[in-house]
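See below for the structure under consideration.
Chain A is the first sequence line, chain B the second, and so forth, proteins listed ahead of strands; every chain is numbered from 1.
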Protein chains: 2
Amino acid sequence: MAIRRPADQAGTRSAILDSAERLVQHRGFNGFSYADVAAELGITKAALHYHFPGKAELGEALIDRYASRFADALAEIDTANVVALERLRAYANLYLGVLRGERMCLCGMLAAEYQTLPDPMRQTVVDFFDHNIAWLTRLLQNGRADKSLKFTGRPEDTAQLIVGTLEGAMLVARPYGDTAKFEAVVTRLLSDFGNPATARSR
Amino acid sequence: MAIRRPADQAGTRSAILDSAERLVQHRGFNGFSYADVAAELGITKAALHYHFPGKAELGEALIDRYASRFADALAEIDTANVVALERLRAYANLYLGVLRGERMCLCGMLAAEYQTLPDPMRQTVVDFFDHNIAWLTRLLQNGRADKSLKFTGRPEDTAQLIVGTLEGAMLVARPYGDTAKFEAVVTRLLSDFGNPATARSR
DNA sequence: GTCTATAGGCAGATAGAC
DNA sequence: GTCTATCTGCCTATAGAC
């Protein structure tokens with residue numbers, strides 16, 4: 001008893017989201033227009049308004065989909081990796097994948113534009129970060145408990161540090177068009193959490 | 001033999017820069033307009049175009065002034081602090097001051113919008129980061145040499161990590177309107193560089 | 001669902017008077 | 001230097017035909 005829906009509706013809707021997502025991650029929410037999306041898909045602006053009444057609704061749908069995809073990726077990391085340090089590495093690789101597509105993290109981009117975002121989008125951005133921090137906090141707590149991760153202070157603060165470092169490293173690396181800069185930061189970041197016996201302070 | 005100039009010219013010019021700088025750090029380069037600045041100063045848009053022919057030129061002037069002020073602050077840090085860790089702390093405090101004014105770092109904001117920036121502004125943004133990385137790299141080299149700083153790997157990579165972490169922590173903390181989140185990250189970041197004898201790995 | 005046509009507003013920018 | 005007036009273009013959004 002599947003819900004019946006014209007193929008085009010779901011197809012166009014997700015094609016719009018794909019295009020808009022790429023544009024926002026590339027140019028920002030204030031840097032793209034309905035005209036850009038319409039041109040990319042070969043349809044008119046009016047058709048977009050049928051699927052998403054306004055830019056605010058499109059933006060909300062964008063974050064919702066991105067957040068749920070990210071949540072799936074985190075769950076996948078949990079099932080695929082046992083060791084906490086490996087989970088952390090996999091988490092960093094999510095960001096690297098985004099940067100490789102010459103994109104900024106969607107919510108990192110929206111965080112920069114936060115003050116100009118339509119009201120309904122704001123909470124959704126904050127929720128994304130909250131979810132990431134919560135997941136990392138659990139990971140850090142577990143890693144500390146089973147002694148696979150070494151770090152000082154509150155897990156919440158270190159989780160905040162990790163998110164901040166990854167978002168910031170992306171932000172700064174992108175103008176250089178140089179993923180190596182990002183990767184060097186990740187390596188350096190992760191090295192602090194590993195077994196101190198293998199770390200060298202020179 | 002001072003250069004003579006009507007008081008208003010220099011006055012208006014820097015008032016425009018002050019207003020535009022605040023607006024860009026708050027709302028982004030694509031999130032403010034000549035009309036915003038004009039309204040704030042009680043003058044017309046046409047007057048702005050007299051001082052800055054176009055938005056691109058205004059943007060360039062904005063970064064130039066910001067970068068030179070930042071360079072002064074770095075020089076000031078070097079003369080006021082002997083210990084490398086203290087210099088690092090003072091550097092982080094520069095960022096904290098910006099965040100306390102409910103602003104994002106100008107160049108961090110522009111880095112997010114990089115793909116939509118007028119061409120002449122792009123190199124100037126990159127130069128800003130290069131300068132910061134270079135200053136931090138020297139600081140890290142000196143700190144390592146006199147054993148006042150502990151860290152692993154190449155100084156360049158750690159410099160990149162520090163800039164990324166500070167920019168990213170600002171980016172993520174601002175939507176929360178919570179400077180404490182930023183300060184916690186800074187404390188956590190700096191603790192890794194201090195004397196290991198006083199650090200606790202719990 | 002998608003189109004054409006168009007409204008209404010704001011953007012960056014210019015000409016020319018004072 | 002700053003003004004008024006105006007241009008052109010793009011923006012988001014809507015009405016109504018197909």
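From A:D64, atom CG reaches atom CZ of A:R69 across 12.0 Å, with rounding to the nearest 0.5 Å. How far NE2 of A:H51 is from CD1 of A:I43: 6.5 Å, rounded to the nearest 0.5 Å.
Taking the six-membered ring wherever Trp is involved, the centroid distance between the rings of B:F32 and B:H26 does not fall below 6.0 Å.
Although no hydrogens or angles enter the test, the distance criterion places a donor-acceptor pair under 3.5 Å between the side chain of A:Q25 and the main chain of A:M104.
In this model, the phosphate group of D:dT2 is not approached by any side-chain N or O of B:T44 to a distance below 4.0 Å at OP1 or OP2.
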A:D157 vs B:T187, side-chain hydrogen bond (donor to acceptor under 3.5 Å, both in side chains): CA-CA, chis, key distance, verdict
CA-CA 9 Å; A:D157 294 340; B:T187 302; over 6 Å; no
In 5'-to-3' order, the base (B), backbone-only (S) or no-contact (-) status of each nucleotide in nucleotides 6-18 of chain D, using a 4.0 angstrom heavy-atom cut-off, is -----SBBBB---
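Rounded to an integer number of Å, the gap from A:H51 NE2 to C:dC3 P is 9 Å.
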